[in-house]
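The figures here come from the full heavy-atom set of this structure, side chains too, leaving out hydrogens, waters and symmetry mates. All residue numbers in this chain count up from 1 along the given sequence.
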Amino acid sequence: MSGRYDAIIIGAGHNGLVAAAMLARKGRKVLVLEARDHLGGMLGDSNFRVAPLPYALRPEIIKTLGLPAQLMGISRPVETISLNPDGSPVTLLGGKVTGLETDMAQAYATLYARLGRQAKALGVMMLQPPPGLGKASFGEMTALARMALKMRLLGKTEMRDLLRIILSNVWDLLNDEIGDGPLAGALAMDSTLGGAMGPRSPGTVLTLLYRMASQSPHGHGLRLMPEGGPDALVEALRDCVTAAGGEIRTGAPVEKILVDQDKATGVRLQSGEEIAAPLVLSNASPKTTLLTLLGVEHLDGEFVRRCRNMANKGMVSRLDFDIAHAPTLSSGSALKNGQRLVIAPTMQAIETAFNAAKYGNLPEKPVLEATYDATAKRLCVSAQFTPHDLTDGWSDDAKTKLSASVVAVLEDALPGLSSAVTASRMMSPVDIETGYGASGGHWHHGELRVDQLLMLRPFDGAAQYRMPVAGLYLCGAGAHPGGDISGAPGFNAATAALRDGGN
């Protein structure tokens, strides 16, 4: 063994860094091992960010870790521009709408506020281990009681409404409340982005509520950008780890989690170096952690079957376009630095794209999320419903076809863009899987759907962060509460390890 630590963190994504900081601040000798040459995982590569635009870290995590104020108080809310096929683009910031008639804007604001209250009631569970399916601990019972109280405080009418809609689909909800169009398209995009579900899929209301449960001083459900951009978030987490005495190594891919008598004892790197620690937290996806790094020989057959069967096939491709000048909307206004553009003018457009993807095909008109980075002169695009298991595979021809479709959709929204593009890069779900060790190439390491949330995340028998091998924990997006940039899985996993008396 080349060294001995109290805890090893596999992967320096934002969740891994949060977990490392938590443990290091409690006096544990911590080592973070990152396979790539940069920190932050999918968020951290300034040349090509795979992760979507950040949501805010949970305020409780910022406070606990003592992170800089700009990550909470000075972070700016990000406006969303939603294309309107019948007129000028619509601007959204929380429940505030600009660019539509007052009645529709008011209906949207009313719905947004109600969903926000319901999401806040559910959000109590975000920074708590999910309740067990068997006998619940005192802490779990307390968390459930707090959530029940929050739901009760909604009042009888709203609580009944929440129970009515929570497992339904966003298509029915939004059609009933505001009708189809750019407002519904933007909300439906939030409920499906990164996953393999369309607006008509059951459970998409729950996914929307999950995203709206994010909290910040600016309000709920907002996407935020720290002052200094995503790099500021990664750097702040790195500094938090190292200031507390933790060590971070890049270019150190882990080959195997070492086990002795059903207890984790450390890791072996691909270089052959072995490092000892009684506590191992993995920020890699559950399938990669359990089936590759740990190995099925340490797991029972039923557990392995459930792991193999979890839904984790990615549906998003990332494309970056270097452009000569700022893109201009069809209305004539320029897309501002950091603004988010959603090209999903209706829920029907999203469902049509999903229909192609669920049969293994590329949509003719992919629905897109795009952000303009004025500093890099780059348009960063997420193309939704581009399946990992493409029928004919992700050949160069398939990538060329997708790139052409994306440019065509962008050209309609941003006239003149195609002539301004000077270079482009793409990562399909298969590329994301290969580059980041995310099995299936899924942003969230697993679908955010009813049978893979709370006490069933990532799958039945693997919730609550603790794995069958003592001392091994999941701390990435595959663990409760799931993906996006919240830091909650890393925070919760480290908390569970400390409560278990992790060395």
Side-chain angles (χ1 to χ4, degrees), residues 1-13 15-20 22-24 28-36 41 246-308 310 312 433-434 436-440 445-446 457-459 461-479 489-490 492-494 496-498 500-503:
M1 294 284 184
S2 64
R4 183 171 183 85
Y5 294 83
D6 296 326
I8 291 172
I9 313 295
I10 301 175
N15 280 309
L17 293 174
V18 167
M22 285 281 292
L23 293 170
R28 305 319 192 256
K29 185 179 180 183
V30 176
L31 173 65
V32 181
L33 298 170
E34 170 56 47
R36 296 174 71 91
E247 298 178 35
I248 302 174
R249 289 173 57 180
T250 57
V254 173
E255 179 182 69
K256 201 71 175 174
I257 296 170
L258 303 178
V259 177
D260 183 36
Q261 296 183 352
D262 291 328
K263 295 181 180 179
T265 59
V267 301
R268 181 171 65 244
L269 306 185
Q270 288 183 7
S271 65
E273 178 185 358
E274 294 188 352
I275 307 171
L279 191 60
V280 176
L281 282 72
S282 178
N283 194 28
S285 66
K287 281 190 177 181
T288 298
T289 299
L290 297 167
L291 304 183
T292 303
L293 299 181
L294 180 63
V296 297
E297 64 271 21
H298 300 294
L299 305 167
D300 67 46
E302 177 60 18
F303 190 92
V304 171
R305 185 191 68 80
R306 291 174 183 173
C307 183
R308 286 174 173 162
M310 70 172 289
N312 72 321
E433 178 178 42
T434 302
Y436 288 92
S439 181
H445 295 179
R457 185 159 190 87
F459 54 89
Q464 300 181 307
Y465 315 102
R466 306 167 183 87
M467 294 299 100
V469 170
L472 176 61
Y473 296 76
L474 293 178
C475 69
N492 292 347
L498 289 168
D500 291 345
N503 295 320

State which residues pass side chain to side chain donor-acceptor pair (under 3.5 Å) with Asn492; sequence neighbours excluded, sorted by chain then number.
-> Tyr465
Would you indicate whether the side-chain heavy atoms of Ser439 and His445 approach each other to under 4.5 Å?
-> no
What distance separates Leu31 CG from Arg4 CZ, expressed to the nearest 0.5 Å?
-> 13.0 Å
Indicate yes or no: at least one non-hydrogen side-chain atom of Leu472 is less than 4.5 angstrom from one of Val280.
-> yes
Taken to the nearest 0.5 Å, the spacing of Ile8 CD1 from Leu33 CG works out to 6.0 Å
Can you name the salt bridge (Lys or Arg N to Asp or Glu O under 4.0 Å) partners of Arg306, sequence neighbours left out?
-> Glu302, Asp460
Looking only at atom types and distance, does a side-chain atom of Thr288 sit under 3.5 Å from a main-chain N or O of Gly437, one as donor and one as acceptor?
-> yes
Set of side chain to side chain contact (heavy atoms under 4.5 Å, CB included) partners for Val296, sequence neighbours left out = Leu291, Val304, Arg308
Who are the ring pair (Phe, Tyr, Trp, His ring centres under 6.0 Å) partners of Phe459, not counting sequence neighbours?
-> Phe303
Flag, side chain of Asn15 to backbone of Gly476, donor-acceptor distance under 3.5 Å = no
Do the side chains of Arg28 and Leu498 get nearer than 4.5 Å, heavy atoms only?
-> yes
Answer whether the closest heavy-atom distance between the side chains of Leu23 and Asp6 falls below 4.5 Å.
-> no
Under 3.5 Å, is there a donor-acceptor pair between the side chain of Arg457 and the main chain of Ala477?
-> yes
Residues at least two apart in sequence or cross-chain that pass side chain to side chain contact (heavy atoms under 4.5 Å, CB included) with Ala12, listed by chain then number, are Leu17, Val32, Glu34, Leu39
In terms of heavy-atom contacts, Arg466 and Ala496 come closest through NH2-CB, 3.9 Å
Using a 4.5 Å cut-off on heavy atoms from C-beta on, say whether the side chain of Leu281 contacts that of Asn283.
-> no
Given side chains that start at C-beta, do those of Tyr473 and Met467 come closer than 4.5 Å, heavy atoms only?
-> no
All side chain to side chain donor-acceptor pair (under 3.5 Å) counterparts of Gln270, not counting sequence neighbours = none
Do any side-chain atoms of residues 250-263 form donor-acceptor pairs under 3.5 angstrom with protein atoms, and if so which ones, sequence neighbours left out?
residue, atom, partner, partner atom, Å
Glu255, OE1, Arg268, NE, 3.1
Lys256, NZ, Leu294, O, 3.4

Pro458 vs Leu474 side-chain heavy atoms within contact, under 4.5 Å = yes
